[in-house]
S.K.: 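Before we start, here is the structure in question, set down as structure tokens.
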Amino acid sequence: MSFPLLTATAAVPAVGAILTAAVPAARRTAAKWLALLFSLATLALAAVVAVRFEPGGDRYQLTESHAWIKDFGVRYELGVDGIGVALIALTALLIPFVIGAGWHDADPLETHSSRWRPTQGFFALILMVEAMVIISFEATDVFLFYIFFEAMLIPMYFLIGGFGDRAHTGTDENAAAQRSYAAVKFLLYNLAGGLIMLAAVIGLYVVAGSFSLQEITAARAAGTLDIATNTERLLFLGFFFAFAVKAPLWPLHTWLPNAMGEATAPVAVLITAVVDKVGTFAMLRFCLGLFPEASKWATPVVLVLALISIVYGALLAVGQRDIKRLVAYASISHFGFIILGIFAMTSQGQSGATLYMVNHGLSTAALMLVAGFLISRRGSRLIADYGGVQKAAPVLAGTFLIGGLATLSLPGLAPFVSEFLVLVGTFARYPVAGIVATLGIVLAALYTLVLYQRTMTGPVKDESIRTMPDLKFRELLVVTPLIVFLIGLGVYPKPLTEIVNPAVEHTMSDVKQHDPEPEVEAAK
Amino acid sequence: MENLIALLVAAPLLGAAVLLCGGRRLDKAGHWLGTLLAGASFAVGLALFADMLGRDADDRLMTQHLFSWIPVEGFQADLAFHLDQLSMTFVLLISGVGTLIHMYSIGYMEHDERRRRFFGYLNLFLAAMLLLVLADNYLLLYVGWEGVGLASYLLIGFWQHKPSAATAAKKAFLVNRVGDMGLSIAIMLMFTTFGTFAFGPVLGAADETSEGRLTAIGLMLLLAACGKSAQVPLQSWLGDAMEGPTPVSALIHAATMVTAGVYLIVRSGAIFNGAPDAQLATVVVGAVTLLFGAIVGCAKDDIKKALAGSTMSQIGYMVLAAGLGPIGYVFAIMHLVTHGFFKAGLFLGAGSVMHGMNDEVDMRKYGALRKHMPVTFVTFGLGYLAIIGFPGLSGFFSKDKIIEAAFAKGGTEGWILGGAALLGAGITAFYMTRVMVLTFFGEKRWQPDADGHAPHPHESPRSMTVPMVLLAFGSVFAGGFFSIGDRFLGWLEPVTGYTHGHPPVSALTVTLATMVVLATGVAIAWAMYGRRPVPVTAPRGSLLTRAARRDLFQDDFNHVVLVRGGEHLTRSLVYVDHTLVDGVVNGTAASVGGLSGRLRKLQNGYARSYAVSMFGGTAILIAATLLMRAV
């Protein structure tokens, strides 16, 4: 038996989490380094996965399969396609930056020495989330996926509720209440989605007699497994609902601004750049793969909801007063693009959506982490408390601008490639939807540039900004590689598209769709 | 030779990277490095030009393919360059004028502590602009298109501590983004129509599709051009863009970037040729803008804003010419090049005046400067004569051809467009004479600045005057050089095509009419500003003057409709999101599982325990189900 590489990629951070949690209370720094070390080891393993993966090979590679709950047909089945590889790579890449950026976020406060803030717990939870997210990207058994899809809520819940942003207005009690509200809202929304999905998962087993994604897809493609139209639609809705909460899609999005606003900036990145991606990934893999006909049936409604997300999220971002909530609404707009690309059901749209998941992770991480550095300096999340920062901290302002430009998908940076692919892929099949979505490019410029202008330019707001220190070495170490990736994947996205393209072809054949032909060709 | 094309872009790009990431160590030498790399790009351009001249007219296209940029099923975008006569013209203009303006900036920005960064941005601009004109497909062109937009954003807002500069920068970017929507949609339409957006296949196959498609693509390209080239209705950002340092106004907002829209239309000639409705829209935009800009230019007291109005107006001429189709393409580009010389020269002259006058921009506080700044006076004066179309100078040749071509459009349209172009020439003569007289003639009206320093106007240093002299040289001779023996026509025709127009009146009549209109404009301006003393504070003026001063109410319109409207919209949406969407979703859940009541309860401390118990419940449920099945 070959080395279980996929299991190892998920197991390493899980082991790291346990070891980190076990570090004695006094050795906080050691715990941090240990967590960082394990996240880097995970990154190395993810790199091996990416190298070992052959773009032209089988659909699912590096597979592992073991019986688990025999009587119930649940198997421990792992395997990755190109989309999974890309997202595992993104996750493994981002976690070291999340840890580096949050280096001091869980240090005990001197003034609140009584508060329960174990540094060990913070970093252990981050690694635990990483492990669960990675295994979600690997699982090809629906039940196995479901378990980790749900289980990652627990560490996330504690990360949001237990380690809030220290910059808040009002009293500590008030802040604690808001934080707790945000954490519970996150949990209940996702749990509600999960419960409905659980019903659908059981329903699927009843109908298909198996949890294996590969078996069911193959049977459906071969025509040996026929699901009644209405049953398929119901099951689709059950799955889709859970993923739409996670992604999140309008109108199920309202938990995200609360969670991202109250959590520390690195945890906010973890939510939007990593955990939420499981939702969009699962739409592509499970909704389209298991229920192709129902997916097509639901497409018009999903496209409309995605368009609403794009425009609505962007408009709300414009209206925000809180920097982190602004980024949260921007993310809602971006998730709209991803879902639009998935359900446009064209090669460009789906490749674009997958690239979008990766690029959005990078761009949001860059913007949000720098925003976090800024917020920690001034102790406020309100845009109105800033002004003229570029005078005191030009490097901080510069990196913030690059993060913002990536968020507005400036050509030359990675997000442009994915956004344009989504737009063109959508336009090819649904021209009106494509045109409405391009509104997003104007609105994105509006909310990012207004944010930059209000915080960074103009006269220096007050003394605390005049004396604001520029980015420190650790902070530069976090931001610089992200910027390098944003530029690198903007100029040369080929390594990513090469991995993703074959997977998208498979998905396209799952849903039995072909790209619309260009008009000139069609006429011939 | 063809492998050198990438160097054109790479040299300034390298400069930008080094200067922006290099840190303070480079403060002493940064401006030299930036200028040197701009010059290197120009030198490569000249070498390629020489090579191109040595070839046959039909064999002048050079291409370079670097790598496949976005390879996705059914979608192919390459990083590849396309250098033909049209691109070559731009390459020389951009890198040539660009180098001169780098040189000028060494002196102009001498006392700015962020000079290194300024040169980094200028280099970034050059790289992006060269990419724009060298790209071999529309998507790569888009990268350059946004790149120049970014450089423009950074440079307009270069003095970010001034709120007005930061606002102007943001406004320019946003208005341009509206235009970018047009470019995006145009590219998407090309993709669905032709399956590609590379110049060769798209322009080659343009006649294989319906006129409706071509019209749609053409109109979207026009929208893009309106944004970048400050044409009505997306013109409002250009005046504000004058917040940037003056060399920026000269290079980006006069000579090169703002003419990118004209490049786009001429490059896409094959599409416009097949779409008469899109052409009609183009000429209307051009004609309206040339009058709009000219009227605004008449009323401004800020020398840079007057010149900005003029730029809009002159680009209006180019867009008008480009909309006329093969009759006008060559002349649109010819006017673009001559305008690049004289408008850059005029802006550098304005910068030189400001340099000597404590950065004062109000022309009512100038006067009698010709004795104090002789070089500036002469070079500015030559630029002035060139722009109004004084016989023999550059503008005369290029503008005259456009007016002729407009008449040649034929029918009522021809008369209207020709008339508009002719009227525009008269107004141009008026407002430029006004600028000239207010600045260099008449009485001294100098005022001490805010700190109480009286101005001591002096000639600018050599690094600033040399570029001005060179540009004045171009302003005087370029037009004649291009026109003798139809050199420019012969050069560009293989790319853009050309058909002779037949104006309803003879060419000589058009020229004579232009001269009469021109003389009238000059005379009126002289009568109003040369023969009467000029008050330091502007008189109230007629309704038209007041309207023109407020840019014909464009900003008021934008403010009321877009800014206010948008604010109300976002504010009400924030409210809706908080109460309605959140409320309804929570409420629906409540009716199912009593969620909202519990949510409320959770805020007072039971949260964690409740959540855990709920999750625990789920876990038990799952376990129970499994066990039941297993047993």
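Each chain gets a letter, A, B and so on, in the order the sequences are listed, and its residues count up from 1.
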S.K.: Quick one: closest heavy-atom pair of A:Leu315 and B:Thr570, and the distance?
M.R.: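 Looks like O-CG2, 3.2 Å.
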S.K.: Determine whether the aromatic ring centres of residues A:Phe427 and B:Phe191 are separated by less than 6.0 angstrom.
M.R.: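 No.
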S.K.: Measure A:Val460 against the heavy atoms of chain B and call it side chain, backbone, both or neither at under 4.5 Å.
M.R.: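 Neither part.
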S.K.: Locate the shortest heavy-atom distance separating A:Leu410 from B:Leu150; write the atom from each residue and the value.
M.R.: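 Between these two residues, the closest heavy atoms are CD2-CD2, 3.8 Å.
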S.K.: Taking the inter-plane angle between the rings of A:Phe420 and B:Phe75 on a 0 to 90° scale, is it parallel (under 30°), tilted (30 to 60°) or perpendicular (over 60°)?
M.R.: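 Ring orientation of A:Phe420 relative to B:Phe75: tilted.
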S.K.: Has B:His161 got more than 12 heavy atoms of other residues, nucleotides or ligands less than 6.0 Å from its NE2?
M.R.: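 It does: B:His161 NE2 has more than 12 such atoms within range.
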S.K.: Between B:Leu20 and chain A, with a heavy-atom cut-off of 4.5 Å, which part of the residue counts as in contact: side chain, backbone, both or neither?
M.R.: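 Contact with chain A is absent: no heavy atom of B:Leu20 under 4.5 Å.
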S.K.: Take A:Glu519 and B:Thr192 through the test side chain to side chain donor-acceptor pair (under 3.5 Å) and record every step on the way to the result.
M.R.: CA-CA 6 Å; A:Glu519 195 221 45; B:Thr192 53; over 6 Å; no
S.K.: Measure distances from A:Glu517 to the heavy atoms of chain B and classify the residue's part below 4.5 Å as side chain, backbone, both or neither.
M.R.: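 For A:Glu517, backbone heavy atoms alone lie under 4.5 Å from chain B.
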S.K.: Looking at every non-hydrogen atom in both residues, tell me the closest pair between A:Pro518 and B:Phe194 and how far apart they are.
M.R.: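 In this case the closest contact between A:Pro518 and B:Phe194 is CB-C, 3.7 Å.
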S.K.: Might you point out which heavy atoms bring A:Tyr312 and B:Asp577 nearest each other, and give the distance in Å?
M.R.: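 Heavy atoms of A:Tyr312 and B:Asp577 come nearest at OH-OD1, 2.7 Å.
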S.K.: Check the surroundings of atom CZ in B:Phe67: do more than 12 heavy atoms from other residues, nucleotides or ligands lie under 6.0 Å from it?
M.R.: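 For B:Phe67, atom CZ is crowded (more than 12 foreign heavy atoms under 6.0 Å).
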S.K.: Check whether A:Trp250 gets within reach of chain B through its side chain, its backbone, both or neither, counting any heavy atom under 4.5 Å.
M.R.: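 The side chain, not the backbone.
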S.K.: Looking only at heavy atoms, which two atoms of A:Ser347 and B:Val72 are closest? And how far apart?
M.R.: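 Result for this residue pair: O-CG1, 4.1 Å.
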S.K.: Under a 4.5 Å heavy-atom cut-off, does chain B meet the side chain of A:Leu355, its backbone, both or neither?
M.R.: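 When you check distances to chain B, no heavy atom of A:Leu355 falls under 4.5 Å.
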S.K.: Could you have a look at B:Leu140, B:Leu139, B:Val178 and say which one has the most heavy-atom pairs with chain A under 4.5 angstrom?
M.R.: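 Heavy-atom pair counts peak at B:Leu139.
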S.K.: So, for A:Ile441 and B:Ser184, which heavy atoms are closest and what is the spacing to 0.1 Å?
M.R.: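 That would be CD1-OG, 3.8 Å.
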S.K.: What part of A:Pro493 gets within 4.5 angstrom of chain B, counting heavy atoms only: side chain, backbone, both, or neither?
M.R.: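 Looking at A:Pro493, backbone and side chain both touch chain B.
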S.K.: Answer with side chain, backbone, both or neither: which region of B:Leu154 has an atom nearer than 4.5 Å to a non-hydrogen atom of chain A?
M.R.: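 The side chain, not the backbone.
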S.K.: Please look at B:Thr167 and chain A and tell me whether the side chain, the backbone, both or neither of the residue comes under 4.5 angstrom of a heavy atom of that chain.
M.R.: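 Both backbone and side chain.
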S.K.: Please determine whether side chain to side chain contact (heavy atoms under 4.5 Å, CB included) holds for the pair A:Leu446 and B:Phe173, giving the CA-CA distance in whole Å, both sets of side-chain angles, and the decisive distance to 0.1 Å.
M.R.: CA-CA 9 Å; A:Leu446 185 60; B:Phe173 198 97; over 6 Å; no
S.K.: Name the region of A:Val450, side chain, backbone, both or neither, that has any atom closer than 4.5 Å to a heavy atom of chain B.
M.R.: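 Looking at A:Val450, backbone and side chain both touch chain B.
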S.K.: Determine whether B:Ile187 and A:Val424 satisfy the following criterion, side chain to side chain contact (heavy atoms under 4.5 Å, CB included), listing intermediate values before the conclusion.
M.R.: CA-CA 8 Å; B:Ile187 298 175; A:Val424 94; 5.7 Å; no
S.K.: Return the option, out of B:Gly157, B:Ala166, B:Gly147, B:Ala205, with the maximum number of heavy-atom pairs under 4.5 Å with chain A.
M.R.: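 Ranked by heavy-atom pairs under 4.5 Å with chain A, first place is B:Ala166.
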S.K.: Looking at CZ of A:Phe416 and OH of B:Tyr142, how far apart are the two atoms once the value is rounded to the nearest 0.5 Å?
M.R.: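 Reported value, rounded in 0.5 Å steps: 5.5 Å.
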S.K.: Atom CG of A:Leu316 and atom CZ of B:Arg571: how far apart are they, to the nearest 0.5 Å?
M.R.: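 Taking CG in A:Leu316 and CZ in B:Arg571, the distance rounds to 13.0 Å.
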S.K.: So, taking the atom named OG1 in A:Thr426 and the one named CE in B:Met188, what distance separates them when rounded to the nearest 0.5 Å?
M.R.: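 Nearest 0.5 Å value for the OG1-CE distance: 8.5 Å.
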S.K.: Is chain B contacted by the side chain of A:Lys494, its backbone, both, or neither, given a heavy-atom distance below 4.5 Å?
M.R.: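 Both parts, backbone and side chain.
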S.K.: What distance separates B:Lys170 NZ from A:Arg454 CZ, expressed to the nearest 0.5 Å?
M.R.: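 The CZ atom of A:Arg454 is 6.5 Å from NZ of B:Lys170, to the nearest 0.5 Å.
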S.K.: How about A:Ser351 and B:Glu73: does a side-chain donor come under 3.5 Å of a side-chain acceptor?
M.R.: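 Short answer, no.
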S.K.: In terms of heavy-atom pairs under 4.5 Å, which option from A:Leu421, A:Leu401, A:Leu252, A:Val500 contacts chain B the most?
M.R.: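 Among A:Leu421, A:Leu401, A:Leu252, A:Val500, the one with the most close pairs to chain B is A:Leu421.
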S.K.: Heavy-atom distance under 4.5 Å to chain B: side chain of A:Gln453, backbone, both or neither?
M.R.: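 Contact with chain B: side chain only.
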S.K.: Calculate, to the nearest 0.5 Å, the distance between atoms CD1 and CD1 belonging to B:Ile185 and A:Ile435 respectively.
M.R.: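 That separation rounds to 4.5 Å.
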S.K.: For chain B, which candidate among A:Asp515, A:Val491, A:Leu496 shows the most heavy-atom pairs at distances under 4.5 Å?
M.R.: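 Ranked by heavy-atom pairs under 4.5 Å with chain B, first place is A:Val491.
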S.K.: Does any heavy atom of chain A fall under 4.5 Å from the side chain of B:Leu189, the backbone, both, or neither of them?
M.R.: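 Contact with chain A involves both backbone and side-chain atoms of B:Leu189.
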S.K.: Using non-hydrogen atoms only, which part of A:Leu408 is less than 4.5 Å away from chain B: side chain, backbone, both, or neither?
M.R.: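 Both backbone and side chain of A:Leu408 come within 4.5 Å of chain B.
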S.K.: Check each atom of A:Ser409 against the heavy atoms of chain B and say whether the ones under 4.5 Å are side chain, backbone, both or neither.
M.R.: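 The backbone, not the side chain.
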S.K.: What residue in B:Pro163, B:Gly74, B:Gly149, B:Pro71 has the most heavy-atom pairs under 4.5 Å with chain A?
M.R.: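 Greatest number of close heavy-atom pairs with chain A: B:Pro71.
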S.K.: Out of A:Leu439, A:Val395, A:Thr346, which one racks up the most heavy-atom pairs below 4.5 Å with chain B?
M.R.: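 With the most close heavy-atom pairs to chain B, the winner is A:Leu439.
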S.K.: Between atom OH of B:Tyr153 and atom CG of A:Leu405, what is the distance when rounded to the nearest 0.5 Å?
M.R.: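 Spacing of OH (B:Tyr153) from CG (A:Leu405) equals 7.5 Å.
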